[in-house]
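Here the structure is a predicted model, which means the values were calculated and not measured.
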Amino acid sequence: MQNSDKNVEEFSSQLSAKIWGHRFKDGQRGPEYVLEFLNVLYGTNYQLNADCYFRNKSQNLRKFIFEGVKEGSKRGSAQLDQEKKKFLYEKLQDDNKIEVIREFFRNLEIPLVDGKGKEADRSWYARSLYPLHESLLFFELRVKGENTSYERNFFARGGELYYLMVSYGAEKFPGVKYRIEQRFQQLLQKNNSVGQIVDSIQSVLGDENKSQDKYPLKKIEKLSKEYPHLPIEEHELFDQFAEEMSNLLNLDIDVYDMFKLLTSLTCFHILLYMYERSKVEATDRIEFFFDCLDGKNKEVQKISTSTFKNNEILIKEKFEDYFSKQFFSIIGHEEEVNRELSKWKEDPMIFIEKMGLQKLQSRKKRVINSLQKCKNYEDVKDKLHNVVKEVISDTLKRHQISINRTLARDGGVGNFKAGSSYRYLMTDTFLQTLVFINVKPKESIEFSEFLNILYKKYGFIVGEMQARESALYDRSKVNIRHYQKNELALREKLRKNGLLVEYSDATAMIRNPYEMAEGVMTI
């Protein structure tokens, strides 16, 4: 990326942070949101609403696991210190056993792919493992010679922000808070044999004490380090997130399968938050029309694509609305502008710094040229305002919209096919997640009631009833049988996933097949 593009992106990101939070990055993938969230929770000793947490590096452990894997853009690769390596082999006294252990851990690597299904080419210090045990949680590093630091290129604070959302939501509900903390600790400490192997390797390799590295989760006067920030601390969505997280964790599911469901849930929650914060007006409605026919019905696919685009337009409009409010707040009222305009034209950097546009570099010329042509407040209000907005709007499309598409894709909520646009769909994992967070363990609800819950709670539209109630049917001018076929397709997906039982009287029931996890408190 050219420097000018990068600097425009930084400016765009600053505005995005004020709307959505500091910070979400378009390079962060679904599993990485969950891993960062789990790292934070583990680093707080499984406490929500904590002030700070530690970050685990496990540098030598990772060098041992990923020895030979590339390091950065250089031709180098991960190399364990020869003395430490020799000591490890001497300590365990079984070369075959060591290789079996290494292979076991390598097989736990979480595969990451891009939107086209191509495997991500990550360096050893940016690779992650399924958290079968808390000892396999560690933060991304940057390696420069003998020095290491936190890169945060892919772990980009999204997981920290999600931790804050769940914490804010659980704060009012002690039972929910306790269950989330209890279950995560139970899940991540259960496979103690894995932890024992890791401890034995790390004690030999000399990984530094993990408890030394504290990082804030809120502003703390004694700590000058950067901290995550959400623009709001209270919202009914956060309450919902905490409750649904608790509902999922209550199920008797092992940590490996739970991780996939957590990825789907976390991405979906953050996507809902992004959309909610994108509303310019409180009355704006977020709708998801799901293509359950997998693109086989062109009319259904077209409607789904349209609702996806409408929600992206909301994001763009929110950004532009917020930018305009910031712009006019900074320049002041008409008398102020007319009084200062000559000074700005004489020394454009006064205006550039006032607006915080120093980092635009080469694109500053467009802004300055427009400024020089301004004769009065009207010119500033219209022409100059539009130029500045255009300079950063293209970056928004690459940045914020890219974040939302990644969340939809990795959460199993949306995707695209070659030659087509993004649309809403439901993968098997996302469908399972929806059932598990809305239907109690070993209980059932009618299929029609389930669809109604999804519509009322999330704005999901699949079949005839929700299409009519939302007025989507009237707006789309599509024959009602397309909605009926779409609903039948969802019903079949649920049945194939073992989540729907059909009876002879044509009644269909959605069933959560899992038991309540042992030891979960229900009060």
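- Remark: the backbone N or O of Gly158 is paired with a side-chain donor or acceptor of Gln28 at under 3.5 angstrom.
- Between Gln466 and Tyr483, the side chains place no donor N or O within less than 3.5 Å of an acceptor N or O (distance only, hydrogens not considered).
- Using modelled atom types and a 3.5 Å distance limit, the side chains of Thr507 and Glu446 yield no donor-acceptor pair.
- With rounding to the nearest 0.5 Å, the separation of NZ in Lys63 from OG in Ser58 is 13.0 Å.
- The backbone N or O of Val462 lies less than 3.5 Å from a partner atom in the side chain of Asn486, making a donor-acceptor pair.
- Ring centroid separation for the pair Phe184 and Phe37 comes in under the 6.0 Å cut-off.
- Taking the six-membered ring for Trp and thresholds of 30 and 60 degrees, Tyr256 and Tyr130 have ring planes inclined between 30 and 60 degrees apart.
- Of the inter-residue distances, the one linking His133 atom NE2 with Gln189 atom CD reads 6.0 Å to the nearest 0.5 angstrom.
- Across Asp294, Leu500, Leu499, a single residue satisfies side chain to side chain contact (heavy atoms under 4.5 Å, CB included) together with Lys493, and that is Asp294.
- One N or O on the side chain of Asn250 and one on the backbone of Ser246 form a donor-acceptor pair closer than 3.5 Å.
- Around NZ of Lys440, the count of heavy atoms belonging to other residues, nucleotides or ligands within 6.0 Å does not exceed 12.
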Test side chain to side chain contact (heavy atoms under 4.5 Å, CB included) applied to Tyr168 and Phe241, step by step: CA-CA 10 Å; Tyr168 294 148; Phe241 293 170; over 6 Å; no
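- Summarising the local packing, NZ of Lys457 is surrounded by more than 12 heavy atoms from other residues, nucleotides or ligands at distances under 6.0 Å.
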Glu103 vs Arg106, salt bridge (Lys or Arg N to Asp or Glu O under 4.0 Å): CA-CA, chis, key distance, verdict: CA-CA 5 Å; Glu103 191 65 23; Arg106 280 206 178 189; 5.9 Å; no
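- To the nearest 0.5 angstrom, Thr263 atom OG1 is 7.0 Å from Ile110 atom CD1.
- Under a cut-off of 6.0 angstrom, the local environment of CD in Glu236 is sparse, with at most 12 non-hydrogen atoms contributed by other residues, nucleotides or ligands.
- In the displayed structure, Lys279 atom NZ is contacted under 6.0 Å by more than 12 heavy atoms of other residues, nucleotides or ligands.
- In terms of modelled atom types and a separation under 3.5 Å, the side chain of Thr429 and the main chain of Leu261 share no donor-acceptor contact.
- Sparse packing is recorded around NZ of Lys309, with 12 or fewer heavy atoms of other residues, nucleotides or ligands lying under 6.0 Å away.
- To the nearest 0.5 Å, atoms CG (Asn310) and CD1 (Ile315) are separated by 11.5 Å.
- Under the 3.5 Å distance criterion, with hydrogens and angles disregarded, no donor-acceptor pair is assigned to the side chains of Glu443 and Asn512.
- Glu317 and Tyr322 share no donor-acceptor pair across their side chains, judged by distance under 3.5 Å alone.
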Check against side chain to side chain contact (heavy atoms under 4.5 Å, CB included), Lys318 and Leu314: CA-CA 6 Å; Lys318 176 66 175 184; Leu314 275 180; over 6 Å; no
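- Judged purely by distance below 3.5 Å, without hydrogens or angles, the side chains of Arg183 and Gln186 pair a donor atom with an acceptor atom.
- By the 30° and 60° cut-offs, the orientation of the rings of Phe288 relative to Phe460 is perpendicular.
- The shortest heavy-atom contact between Ser16 and Phe319 is OG-CE1, 3.7 Å.
- Partners of Asp51 according to the side-chain hydrogen bond (donor to acceptor under 3.5 Å, both in side chains) rule, which considers only residues two or more places apart in sequence or in another chain, are Lys218.
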side-chain hydrogen bond (donor to acceptor under 3.5 Å, both in side chains) assessment of Glu287 paired with Tyr455: CA-CA 9 Å; Glu287 289 182 345; Tyr455 175 69; 5.5 Å; no
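- The heavy-atom pair separating Ser135 from Gly195 by the smallest distance is OG-CA, 3.6 Å.
- In this pair, Phe436 and Tyr514 present their aromatic rings perpendicular. The plane angle is above 60°, beyond the 30 to 60° band.
- Under the 3.5 Å distance criterion, the side-chain polar atoms of Asp428 are left unmatched by any main-chain donor or acceptor of Asn497.
- Dense packing is recorded around CE of Met509, with more than 12 heavy atoms of other residues, nucleotides or ligands lying under 6.0 Å away.
- A pairwise comparison of heavy atoms in Asp207 and Asn60 identifies OD1-N, 2.8 Å as the closest pair.
- Around atom CD of Gln47, more than 12 heavy atoms belonging to other residues, nucleotides or ligands sit under 6.0 Å away.
- In terms of heavy-atom proximity, Glu36 sits nearest to Ala156 at OE1-N, 3.6 Å.
- In this pair, Phe268 and Phe430 present their aromatic rings perpendicular. The plane angle is above 60°, beyond the 30 to 60° band.
- Between the side chain of Arg62 and the backbone N or O of Trp124 there is no donor-acceptor pair closer than 3.5 Å.
- Under the 30°/60° scheme for interplanar angles, the aromatic rings of Tyr424 and Phe308 are found to be tilted.
- A side-chain donor-acceptor contact under 3.5 Å links Arg102 to the backbone of Phe64.
- Inter-residue side-chain proximity for Tyr33 and Asp410 is flagged as unmet; no heavy-atom pair is nearer than 4.5 Å.
- Asn311 places no side-chain N or O within donor-acceptor distance of the main-chain N or O of Tyr275, the cut-off being under 3.5 Å.
- Annotation: cation-pi geometry satisfied between Arg122 and Phe154 (NZ/CZ under 6.0 angstrom from ring centroid, within 45° of ring axis).
- Note: Phe54 and Tyr42 have perpendicular aromatic rings, judged against thresholds of 30 and 60 degrees for the angle between ring planes.
- The salt bridge (Lys or Arg N to Asp or Glu O under 4.0 Å) search around Glu181 returns Lys177, not counting sequence neighbours.
- Residue Ala242 comes nearest to Ile180 through the heavy atom pair O-CD1, 3.5 Å, listed as atom of the first residue, atom of the second, then distance.
- Residues Tyr163 and Asn49 bring no donor and acceptor atom of their side chains to less than 3.5 Å of each other.
- With sequence neighbours left out, Asp252 forms a salt bridge (Lys or Arg N to Asp or Glu O under 4.0 Å) with no residue at all.
- Put simply, CZ on Arg511 and OG on Ser444 are 4.5 Å apart, with the number rounded to the nearest 0.5 Å.
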Ile461 vs Phe290, side chain to side chain contact (heavy atoms under 4.5 Å, CB included): CA-CA, chis, key distance, verdict: CA-CA 6 Å; Ile461 303 168; Phe290 284 88; over 6 Å; no
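- The backbone N or O of Tyr125 lies less than 3.5 Å from no partner atom in the side chain of Ser123, so there is not a single donor-acceptor pair.
- Here the side chains of Phe105 and Val194 are in contact, with some heavy-atom distance below 4.5 Å.
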Verdict with supporting geometry, Glu502 and Phe447, side chain to side chain contact (heavy atoms under 4.5 Å, CB included): CA-CA 10 Å; Glu502 295 175 314; Phe447 176 59; over 6 Å; no
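- Side chain of Asn404 to backbone of Glu312: no donor-acceptor contact under 3.5 angstrom is found.
- Taking NE2 of His269 as the start and CD1 of Ile437 as the end, the distance is 5.0 Å to the nearest 0.5 Å.
- Residues Leu249 and Met258 come closest through the heavy atom pair CA-CE, 4.0 Å.
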